[in-house]
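Only one structure is covered here, and it is reproduced in the block below.
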Amino acid sequence: MTMTSPTSPAAVETARWVRCSRCAEIVYGKRFARELGVCPGCGLHTRLGAWQRIEQLFDEGTAEPIEAPPTLEDPLGFADSRPYPDRLREARLKTGLDEAVVCVSGTIEGHRAVAAVMDFRFMGGSLGTGVGERIVTAAEVALAERVPFVLVTASGGARMQEGALSLMQMAKTSQALAELDEAGILTIAVVTDPTYGGVAASFATLPDVILAEPGAHVGFAGPRVIEQTIGQALPEGFQTAEYLRGKGLVDGVQPRGALRSTLARLCAFQGSGGGSRPAGRPEPPPAELVFQPESLPRRNGWTAVQLARHADRPTTLDYAGYLLEEFVELRGDRLGGDCPAIVGGIGLLDGRPAVLIGHQKGHDTRERVERNFGMPTPAGYRKAARLMRLAAKLGYPVLTLVDTPGAFPGIEAEENGQAWAIAENLRLMSALPVPIVAVVTGEGGSGGALALGVANRVLALSNAVYSVISPEGCASILWKSRAEAPRAAEALRLDARELLRHGIVDGVIPEPGEGAHTDPARSARLLGAAVTEAFQELAILDPKKLVAQRRQRFRQFGSGPR
């Protein structure tokens with residue numbers, strides 16, 4: 001019986017049996033290959049060679065190599081225990097590659113893409129001039145063809161044998177990513193184990209979407225260096241993909257078997273366009289909107305608040321499931337947090353890409369606690385801002401769904417700049433060059449709601465409320481008793497009829513039955529029809545007119561006759 005370590009990429013193709021280096025389970029080689037190099041016992045994602053990875057991700061026979069111009073082989077005449085040219089020859093002989101990255105163009109489930117795939121076997125996937133030149137050349141091909149650029153990373157860092165020239169590749173590759181940003185080209189990273197140093201601090205962490213394989217280690221300094229420097233033990237799971245997802249630094253942790261389909265869904269958005277409806281798609285039903293306040297029933301303010309807070313009202317993720325095809329949730333603010341009270345991502349609305357962002361309360365007690373009852377922290381607003389900037393880059397309209405009692409009023413939130421995060425969103429939304437539609441789906445509380453509400457069109461469900469403060473907060477301040485909340489709710493004029501009368505909302509979406517909670521599916525259809533119609537009307541405006549119209553909408557609030 002032949003046994004070999006699955007950390008050797010050749011084992012996936014040639015070994016009859018493989019032994020997992022983590023759990024020691026012995027696996028039949030053909031099964032191990034079918035599992036894409038993932039141990040079926042413990043889920044260890046073993047390292048793959050660049051061409052193995054390409055074969056797993058790209059459609060068969062479509063991946064064509066991208067040739068790069070020649071680069072300096074040994075710019076420093078470097079030698080340690082061995083001359084650098086000898087190490088290069090050894091790496092080439094061992095891997096069959098000429099450098100630590102392979103760049104190709106091809107299709108992923110039929111969608112065109114360019115990819116730069118690193119191979120850790122080649123001198124630890126180190127970033128030298130050859131790697132930098134190949135990545136930049138591939139980025140230029142993606143730019144010329146206007147197709148997504150995918151980076152699969154595996155590296156120990158910059159290549160020491162090339163000195164400062166290696167260091168310069170960090171800026172060179174980052175500059176190439178900036179050019180793709182300016183051109184509106186979607187960029188995606190697939191971070192694999194390990195990704196460290198100069199690669200992590202440049203092109204691996206700059207893409208629009210960052211996916212990571214389970215257990216992948218990512219960071220600037222290695223754990224041994226950190227422990228020796230600070231003299232402290234590191235937290236459990238430190239620098240793993242799962243740990244970094246919790247810190248808001250990666251969008252998702254994807255098992256290897258799911259990567260291809262996820263990449264295909266993301267790549268499909270690049271070619272979907274933001275204009276006309278796809279040919280052959282049926283026309284959406286006409287929107288059912290109320291524009292006259294007197295057409296809405298008079299309602300006691302406190303009754304409206306209770307309905308808006310009903311635990312069974314559809315949430316943002318519920319609406320995403322009903323309205324958006326191919327929805328991909330994106331996580332994190334890329335600054336150190338992932339607030340669960342705001343969710344967002346990209347999907348197809350009526351066949352066209354759109355970015356959805358909204359508050360997420362949850363339904364049962366457990367979920368509401370996990371979601372902080374829909375009260376965002378600064379990380380939530382910064383995540384929303386990051387997704388809005390992505391929408392602006394790609395030219396996609398933005399739909400925001402508002403349902404929060406307000407921003408989280410905690411010590412940590414204040415220390416992390418809650419007011420700053422909200423203010424930044426107000427400014428960002430006022431200047432975003434794409435259509436924005438906001439819908440108050442439940443409770444619109446204070447600046448925590450408005451931070452997602454600066455839009456070209458603001459709509460509300462008929463049982464929604466929107467106010468400067470919660471009735472309880474108002475009662476505590478003005479009546480010195482929370483028991484006066486019903487009285488405060490009536491005084492605040494926060495129900496849909498009053499919001500429409502004052503022009504706070506542009507239209508009201510009627511809810512079926514006794515409310516959205518009684519028929520979520522029909523509520524979603526009504527909301528979707530209203531939003532789709534609004535986007536169609538806004539699509540004819542160029543970016544400058546969109547911004548001007550949005551600013552004028554908010555400029556007139558409170559102004560008297562002129």
Are Asp251 and Lys383 close enough for a salt bridge, meaning some N to O gap below 4.0 Å?
no
Do Gln360 and Thr315 have side-chain atoms, one donor and one acceptor, less than 3.5 Å apart?
yes
Does Arg82, at its CZ atom, have more than 12 non-hydrogen atoms belonging to other residues, nucleotides or ligands within less than 6.0 Å?
yes
Mind listing the closest non-hydrogen atom pair of Leu180 and Thr187 along with its distance?
CD1-CG2, 3.7 Å
Sidechain N-carboxylate O distance under 4.0 Å for Asp59, Arg260:
yes
Hey, does the side chain of Arg16 reach the backbone of Tyr28 with a donor-acceptor pair shorter than 3.5 angstrom?
no
Counting only heavy atoms not in Glu412 (residues, nucleotides, ligands), do more than 12 fall under 6.0 Å from its CD?
no
Drop me the distance from Ile135's CD1 to Leu177's CG, to the nearest 0.5 angstrom.
9.0 Å
Is there a side-chain contact between Cys39 and Arg22, using heavy atoms and a 4.5 Å cut-off?
no
Min side-chain heavy-atom separation Val437-Phe535 under 4.5 Å:
yes
If you compare all heavy atoms of Gly125 against all heavy atoms of Ala100, which two are closest, and at what distance to 0.1 Å?
CA-CB, 3.9 Å
Taking all atoms of both residues into account, what is the closest heavy-atom pair of Val225 and Thr229, and its distance?
O-OG1, 2.7 Å
Can Lys361 and Asp403 be counted as an ion pair, charged N to O under 4.0 angstrom?
yes
Would you check, one step at a time, whether the test salt bridge (charged side-chain N to carboxylate O under 4.0 Å, His left out) holds for Glu242 with Arg331?
CA-CA 12 Å; Glu242 294 77 5; Arg331 301 174 185 269; over 6 Å; no
So which heavy atom on Ala50 is nearest to which on Asp119, and how close?
N-OD2, 2.8 Å
Interatomic spacing from CZ in Phe238 to CD in Glu227 - rounded to 0.5 Å
9.0 Å
Looking only at non-hydrogen atoms, find the nearest pair between Pro433 and Ala392 and report the distance.
CD-CB, 3.8 Å
Go through the side-chain N and O atoms of Gln254 and Thr262 and say whether any donor and acceptor fall under 3.5 Å apart.
yes
Between Met170 and Leu127, is any pair of side-chain heavy atoms under 4.5 Å apart?
yes
Quick one: do Lys393 and Glu182 make a salt bridge, cutoff under 4.0 Å?
no
Are the side chain of Asp333 and the backbone of Leu335 linked by a donor-acceptor contact shorter than 3.5 Å?
yes
Is a salt bridge present between Arg352 and Glu326, judged by a nitrogen-to-oxygen distance below 4.0 Å?
no
Side-chain heavy-atom pair Leu356, Leu324 within 4.5 angstrom cut-off:
yes
Keeping the roles fixed (side chain from Tyr319, backbone from Gly358), state whether a donor-acceptor pair exists under 3.5 Å.
no
Gap between atom CG of Leu399 and atom CG of Leu401 - 0.5 Å precision:
4.5 Å
I'd like to know if Arg92 pairs up with Asp98 as an ion pair, taking the criterion as any Lys NZ or Arg NE/NH1/NH2 lying under 4.0 Å from an Asp or Glu carboxylate oxygen.
no
Would a distance-only check, ignoring hydrogens and angles, find a side-chain to backbone donor-acceptor pair under 3.5 Å from His45 to Pro255?
no
Return the minimal non-hydrogen interatomic distance between Ala341 and Arg371, and the atom names on each side.
CB-O, 3.3 Å
Salt-bridge contact Asp193-Arg47 (side-chain N to carboxylate O under 4.0 Å)
yes
Please tell me if the side chains of Val191 and Ile210 come closer than 4.5 Å, counting only heavy atoms from C-beta onward.
yes
Quick one: are Thr153 and Phe203 in side-chain contact, heavy atoms under 4.5 Å?
yes
Salt bridge or not for Glu109 and Arg265, using N-O below 4.0 Å?
no
Could you check Tyr381 against Glu424 for side-chain contact (heavy atoms from CB on, under 4.5 Å), going step by step and ending with a plain yes or no?
CA-CA 9 Å; Tyr381 294 114; Glu424 182 58 36; over 6 Å; no
To the nearest 0.5 Å, atom CG of Leu186 lies from atom CG of Leu390 at 7.0 Å
Side-chain donor or acceptor of Ser166 paired with backbone N/O of Glu162 under 3.5 Å:
no
Checking Val209 against Leu266 for the side-chain contact (heavy atoms from CB on, under 4.5 Å) test, could you report, in this order, the C-alpha distance in whole Å, the side-chain angles of both residues, the deciding distance, and whether it holds?
CA-CA 9 Å; Val209 180; Leu266 289 167; 4.0 Å; yes
Answer whether the closest heavy-atom distance between the side chains of Gln169 and Lys172 falls below 4.5 Å.
yes
Worked verdict on Val190 versus Thr192 for side-chain contact (heavy atoms from CB on, under 4.5 Å)
CA-CA 6 Å; Val190 177; Thr192 74; 4.2 Å; yes
Any chance you could measure Leu36, atom CG, to Gln52, atom CD, to the nearest 0.5 Å?
10.5 Å
Point-to-point distance, once rounded to the nearest 0.5 Å, from CZ of Phe220 to CD of Gln239:
11.5 Å
Whether Asp318 side chain and Tyr322 backbone form a donor-acceptor pair below 3.5 Å
no
Exam field: side chain Glu133 to backbone Thr129, donor-acceptor pair closer than 3.5 Å
no
Could you please spell out the steps behind the side-chain hydrogen bond (donor to acceptor under 3.5 Å, both in side chains) verdict for Ser81 and Arg87?
CA-CA 10 Å; Ser81 60; Arg87 293 193 182 277; 3.1 Å; yes
Pair Glu64-Ser105, side-chain donor/acceptor within less than 3.5 Å:
no
Any donor-acceptor pair under 3.5 Å from Thr400 side chain to Leu452 backbone
yes
Could you tell me if Tyr84 and Arg89 have a donor-acceptor pair between their side chains, going purely by distance under 3.5 Å?
no
Evaluate the criterion side-chain contact (heavy atoms from CB on, under 4.5 Å) for residue pair Thr46 and Phe32; output intermediate values, then yes/no.
CA-CA 10 Å; Thr46 60; Phe32 190 68; 3.8 Å; yes
Donor-acceptor contact below 3.5 Å, side chain Thr532 vs main chain Gly528
yes
Salt-bridge criterion met for Glu99 and Arg134 (N-O under 4.0 Å)
no
Check whether any side-chain N or O of Arg112 sits under 3.5 Å from a backbone N or O of Cys267 as a donor-acceptor pair, and report yes or no.
no
Is the shortest distance from a Lys or Arg side-chain nitrogen in Lys94 or Glu90 to a carboxylate oxygen in the other one below 4.0 Å?
no
Do you see a donor-acceptor pair shorter than 3.5 Å between the side chains of Glu236 and Tyr243?
no
Should Ile346 and Phe327 count as side-chain neighbours, where that means a heavy-atom distance under 4.5 Å?
no
